[in-house]
Amino acid sequence: MSTTFQLDTSTSRATPTPKPRKRLTVPRIRDRKKDGQTKEPLVMLTAYTARQAQLLDAHCDILLVGDSLGQVVYGLDSTLPVTVDMMIAHGAAVVRGSYHSLVVVDMPFGSYERSKEQAFDTASRIMAETGCAAVKLEGGEAMAETISFLTNRGIPVMAHVGLTPQAVNVLGGYAARGRSQEEHDKIIGDGMAVQNAGAFSVVAEGVLEPIAIALTKSLEIPVIGIGASAQCDGQVLVTEDMLGMFERVPRFVKRYEDIASVIDKTVAQYAEEVRERSFPTADQTYQPKS
Ligand code: KIV
């Protein structure tokens with residue numbers, strides 16, 4: 001098992017090789033919200049690979065190794081089959097590829113819900129084997145005891161409320177949450193519960209905007225929105241979604257680029273050149289020394 005969390009600069013293909021910078025810490029992220037206000041919203045994106053982390057690191061405060069990698073990287077139809085081993089492999093790569101951002105790794109479905117002891121075993125393994133600074137878990141009040149157990153034992157926890165994709169089979173789909181008073185009250189109650197249990201921040205996903213605003217106003221810890229509100233203390237998106245790697249994305253995603261088209265065009269050109277034998281040229285071949 002590799003415990004190398006640092007980039008090997010002699011073998012890195014990235015030029016210039018990123019310069020080490022002081023990494024943001026959990027208390028610094030937590031303290032970006034003071035007296036209920038966050039002057040500078042937290043910038044968070046998902047990252048799954050070392051190179052992706054290198055490219056995102058300078059612009060982000062937090063890199064989330066989300067279990068969304070199940071769909072984005074592995075082509076699974078939900079996050080449910082994602083394993084701890086997958087999270088560890090990608091988490092270690094993202095830590096290696098970053099210097100500045102706080103790296104948070106998702107605990108996958110089934111790896112923490114049974115008991116607080118099970119959660120500790122999973123979270124401590126993820127932290128020891130990736131070098132990340134915090135874990136994220138889904139759930140509110142039901143997870144409060146677990147969050148308290150972890151934080152009291154040195155494991156910072158980011159919580160995740162509202163639309164929790166690991167509960168897709170209970171929720172019946174990925175629709176926005178909070179349309180009934182009961183759901184509204186549950187989301188606010190869940191936020192309060194994870195804060196009181198010691199979570200240093202909370203992701204609010206797929207919730208009606210007024211609820212996201214109410215949650216942001218009522219919590220002392222930063223609320224990071226996804227499909228929530230610009231009034232949250234920060235925002236997170238799945239990087240491949242915002243880069244335009246996929247045609248079908250949730251309504252809350254802004255596609256800042258159309259990388260899928262760039263790849264399509266580029267690979268079409270490569271294929272044409274291979275087929276007509278115009279690649280490789282002399283520039284890309286080794287010749288005997290004369
Ligand atoms: O898994 C993930 O990428 C996430 C974000 C969408 C918040 O949990």
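In each ligand, atom 1 is the first atom listed, and ligand 1 is the first ligand listed.
Between Glu205 and ligand 1, no pair of N/O atoms sits closer than 3.5 Å. Residue Tyr48 places no N or O, backbone or side chain, under 3.5 Å from any N or O of ligand 1. At least one N or O atom of Asp106, backbone or side chain, sits closer than 3.5 Å to an N or O atom of ligand 1.
For ligand 1, the atoms closer than 4.0 angstrom to any heavy atom of Gly66 are 1 (O), 2 (C), 3 (O). Numbered from 1 in the order shown, with element, the atoms of ligand 1 that lie under 4.0 Å from a heavy atom of Thr46 read 3 (O). Which parts of ligand 1 touch Ile226 is read off a 4.0 Å heavy-atom cut-off, strictly below it: atoms 6 (C).
Among His90, Lys136, Met87, Met158, the one residue that satisfies the side-chain contact (heavy atoms from CB on, under 4.5 Å) test with Val105 is Met87.
A donor-acceptor contact shorter than 3.5 Å is absent between the side chain of Glu257 and the backbone of Leu243.
Minimum interatomic distance between Gln71 and Ser78 (heavy atoms only, all atoms of both residues): NE2-CA, 3.6 Å.
For atom 2 (C) of ligand 1, the closest non-hydrogen atom on the protein side is Ser68 OG, 3.2 Å. Scanning the protein for heavy atoms near atom 8 (O) of ligand 1, the closest one is Lys136 NZ, 2.9 Å. For atom 4 (C) of ligand 1, the closest heavy atom belonging to the protein is Leu64 CD2, 3.6 Å.
Counting heavy atoms under 4.0 Å from ligand 1, residue Asp67 touches it through both backbone and side chain.
With a 6.0 Å radius and a threshold of 12 heavy atoms from other residues, nucleotides or ligands, Glu273 has its CD atom above the threshold. Within 6.0 Å of CD in Gln37 there are 12 or fewer heavy atoms belonging to other residues, nucleotides or ligands.
Contact check for Leu150 versus Met107: side-chain heavy atoms found under the 4.5 Å cut-off.
In this model, no donor atom of one side chain and acceptor atom of the other lie less than 3.5 Å apart for Gln231 and Ser229.
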